[in-house]
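Chain A is the first sequence line, chain B the second, and so forth, proteins listed ahead of strands; every chain is numbered from 1.
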Amino acid sequence: MTTMTNTLAEIKGLSTYFHTEEGIVKAVDDVSFSIPAGRTVAVVGESGCGKSVTALSVMRLVAEPGRIEKGEIRFGDQDLLRLREGEMRGLRGNDIAMVFQEPMSSLNPVLTIGEQLIEPLMEHRLLSKKEARAESAGLITRVGIPRAEEMLKAYPHELSGGMLQRIMIAIALSCQPKLLIADEPTTALDVTVQAQILDLLNGIKAESNTAILLITHDLGVVAEMADHVVVMYAGKVIEEAPVIELFQNPRHPYTKGLLRSKPVIGRREERLYSIPGQVPQLIGLGEACAFADRCESCLPVCRERRPVITQGENGHLVACWLYEEGVSRDE
Amino acid sequence: MSANAGTVSEKNPGVRAKSAKPASPWAHAFRRLRKNRLAVTGLVFLILMGLFCTVGPLFSPYVDERVTGANFNRPPSAQNWLGTDNLGRDILTRLMLAGRISLTVGIASMLLSVLIGSVLGAVAGYYRGIVDQVIMRFADVLMTIPSLPLLIIMGAVLSDLKVPSDYRIYIVMLMLSILGWPGLARLVRSQILTLSQREFMQATEVLGLRDRRKIFVHLLPNTLPLLIVVATLSVAGAILSESVLSYLGLGVTPPTPSWGNMMDSANSLIDFQKRPWLWMPPGVAIFATVIAINLLGEGLRDALDPKMKK
Amino acid sequence: MSDAMLEVKDLKKYYPITGGLFGRTVAHVKAVDGISLSIAKGETFGLVGESGSGKSTVGRTILRLTDKTAGEVRFKGKDLYSLSKQDLRQIRPEMQLVFQDPYGSLNPRMRIGDAIGEALLDHGRASRAEVRDKVLETLALCGLSSSHIDRYPHEFSGGQRQRVGIARAIILNPEFLVADEPVSALDVSIQAQIINLFSDLRDRQGLTYLFISHDLSVVEHLCSTIGVMYLGSMVEMAPRDELFAQPLHPYTRALLSAVPIPDPTLKRERIVLRGDIPSPVDPPSGCKFHTRCPVATDACRESAPEFREVGSGHFVACHLV
């Protein structure tokens, strides 16, 4: 990407720790990246890598015992981490909206879809009830659900998972956010329904220039959706690049391994490549690179010091000693 | 390395396994319990109370049965630390002996109701169908009868039959456990039903294990944590019920002492107003013991099953 | 087919829905609605479908973990549903199951050595001393180390627990293994390890698999024959290469095109299906897929298509093929 787009949000040095009985879990540890306006940034990683906590930190919705320790989240000209709770509440659902993995548990089961859509519209956009109702029907149609009027009267349990996720997206869109955070929005859905939701999200981005922060573990989804990819491992960003660059020229051994270990239809191999070992626990991570134990190209320095993320060509950032000058390669 | 990473045993078995000694769920629970100050306080108090009641009387210069006409209703003094009662018996000694009875009744009736309750509950939950129906409907019937009036009636009948004091404590135990087991049975049954739905129980079916193994190795050990908690808490209930009955003169009757029948003196206005040393000590003992049991029970619950918290 | 390990004929499994004051049966969930398949010795059969397709129920019914409503299941020629409880217990070791959820399928209060070895003991196949050796051997085979034997399930990660689950199943030397979504709860980097373990075990022990999954790419990697299920019925069944080269049923095609491919330069024409999967309580009449089918005709709405062979080993249920 040579053209500079406006930066909508910038996360700088974000650290979110969980203070548990067993010790401090550095779920998000010094994470930085930015989200350009109208683009999709995908944060990809495995369970426990901190991708969801990063999303929740941007919304300032991290629950106890988690705490945002330090960092800065610039959104427009303000730092979200310095806003008062009241100001943040005004921003949530207005400028930044979020869609969660489990649509069923994000909706109130005793209220109709209509009630859950109309009220925020009246509150945030100061519409009259009638206007809000018409707007809601419009939103429901926009997310691809026919018979919007009927849908307003339905209760969440009457709808399927895919429908509910559409409704969640409709609610998220109701206040025309500048940034939509989607945390594993299709993980709970079937493939054919996932395809619908992904199309819907892409459509929204194209129509209303909403930036999307997409949290996912699925590299296929990343390839279809993202403009820019952030790869996280054990609470850290280990690689970041524009999507095509990342898939064609992955640099970090973890990213490479991840790309190679996923079976792809039509590209059958005798044996799948697999990254050995287990995803590390986040308590008591030492000074070493967190991936060192599983890494095929581990250098002596990898076990001593953690690499810093550095900028390479083509907008490609990577945190790996293999790409540092003057590092001893001897075992 | 990569080519056979699937079967090669891993050199790094995960950071989880940093301690060399594998920690059983019981060891974990014990560690959690130790961290809970209230529960530990409760446990320590109960141990002290137990020692007080069992070993205490051995150090007492007074024999309970000794009735000293000249020495009755004395306030606390250097000889009788907690004073004497209307028959001149040392209150402290009597408190210890009464504690033996009250704690025994509490624990024994708990054991009996846990035994009946868990066996019947497990049978009902595992075999379902008609067995389940019969057992649980019977339990329902017992549970619909308000327990205090029933106990009072049964106590009155006992008094009418002139059952000797020595036997009465056994009958009180039996009465309490008859009322206690249906709740436990229900609990165990629902646990068994939930556990049967768990995949590891399906796995035992796939493996073709015998029923005996399914029940005793897989089902029951998994109901144990809950059972321990409920059993602990039910000791407190039993002690309270015994006290109420005995206070009303329908449970353990004199000359056998119990905390409940020692409280009986509070019935008389003069004793109540002028001689608090007669009824305060047993009252405090009941109060403190029940609170300690509850604290321990809550602590056990948090320790054994962190998911039940809140 | 005489060398069939497993033969399933017109298997049906309906779950009653009770309602009203007296718990009368008011409707049925037709979880499995007439499935026939046959798995040859040494074959890996992949069963694909989305939620509500009944694929897991097929697995459980084949193993007689729940009762069937109708149909026949023959395992090595024996009618499973005519066996007595005792005979069924005896035959269990020969057909095993690997569960989806590596957390729920292990008893949390049992050391994994005991969990893996207990069936040997219970079936009287080995003495206590022999069991330990056998467990150690199986642990190694499944990529776990001998130091794991005395640990409890909570001390393991998801992938390791799945290895324990597999070890527990294969220690009995089964001939037939049903794997019910065994990798879908695992992280991508761990999935590959477990998939490789399955193929190693097949090569080493000559296992026959019924591999149930919603993930076409996993099934394509591992299976030689694939069946696609939709709402309790099989819509297409074919040898792997045939199915992926020439999918005939519109649902199979849509499913294939819906799988996201990790290649951002690839621009595909995607068939996006309308709507959601209908409820199996009240499935659409005629062809069950007609409500979402992009090419449905009147015939599809009226009559259910027959599941018939259109090429060698290629079966499909569609009026338009």
Result for side chain to side chain contact (heavy atoms under 4.5 Å, CB included) between Ser47(A) and one of Ile190(C), Leu186(C), Asp187(C) points to Asp187(C)

Cut-off 4.5 Å, heavy atoms of chain A, and the answer for Arg292(C) is side chain

Cut-off 4.5 Å, heavy atoms of chain A, and the answer for Leu216(C) is both

Applying a strict 4.5 Å limit to non-hydrogen atoms, the region of Val222(A) in contact with chain C is neither

d(Asn196(C) CG, Ser274(A) OG) to nearest 0.5 Å is 5.0 Å

**Study point:** Flag if over 12 foreign heavy atoms under 6.0 Å of NZ, Lys26(A)
**Key:** no

Those residues of residues 255-264 of chain C that come under 4.5 Å of chain A on a heavy-atom basis, listed by number, are Leu255(C), Leu256(C), Ala258(C), Val259(C), Pro260(C), Ile261(C), Pro262(C), Asp263(C), Pro264(C)

Side-chain donor or acceptor of Gln193(C) paired with backbone N/O of Gly277(A) under 3.5 Å: yes

Within residues 244-254 of chain A, contacts to chain C at heavy-atom distances under 4.5 Å involve Ile244(A), Phe247(A), Gln248(A)

Within residues 187-205 of chain A, contacts to chain C at heavy-atom distances under 4.5 Å involve Asp190(A), Val191(A), Thr192(A), Val193(A), Gln194(A), Ala195(A), Gln196(A), Leu198(A), Asp199(A)

The reported gap from CD in Gln278(A) to OG in Ser189(C) (rounded to nearest 0.5 angstrom) is 8.0 Å

For Gly266(A), does its backbone N or O pair with a side-chain atom of Glu220(C) as donor and acceptor, under 3.5 Å? yes

Separation between CZ (Arg271(A)) and CG (Asp200(C)), nearest 0.5 Å, reads 4.0 Å

Counting heavy-atom pairs under 4.5 angstrom with chain C, the leader among Val264(A), Ile145(A), Leu259(A) is Val264(A)

One should read off an interatomic distance between Leu272(A) CG and Ile194(C) CD1, to the nearest 0.5 angstrom, of 12.0 Å

Contact list (residues 228-248 of chain C to chain A, heavy-atom gap under 4.5 Å, by number) returns Arg240(C), Asp241(C), Phe244(C)

Shortest non-hydrogen pair, Val188(C) vs Glu46(A), comes out as N-OE2, 3.4 Å

Exceeds 12 heavy-atom contacts within 6.0 angstrom, atom CZ of Arg301(C)
yes

Okay, Ile277(C) and chain A: the region with an atom under 4.5 Å from a heavy atom over there is side chain

So, the part of Met225(A) with a heavy atom under 4.5 Å from chain C: the answer is neither

Is the shortest heavy-atom distance from the side chain of Val218(C) to the side chain of Pro263(A) under 4.5 Å? yes

Any side-chain heavy-atom pair of His221(C) and Glu270(A) under 4.5 Å = no

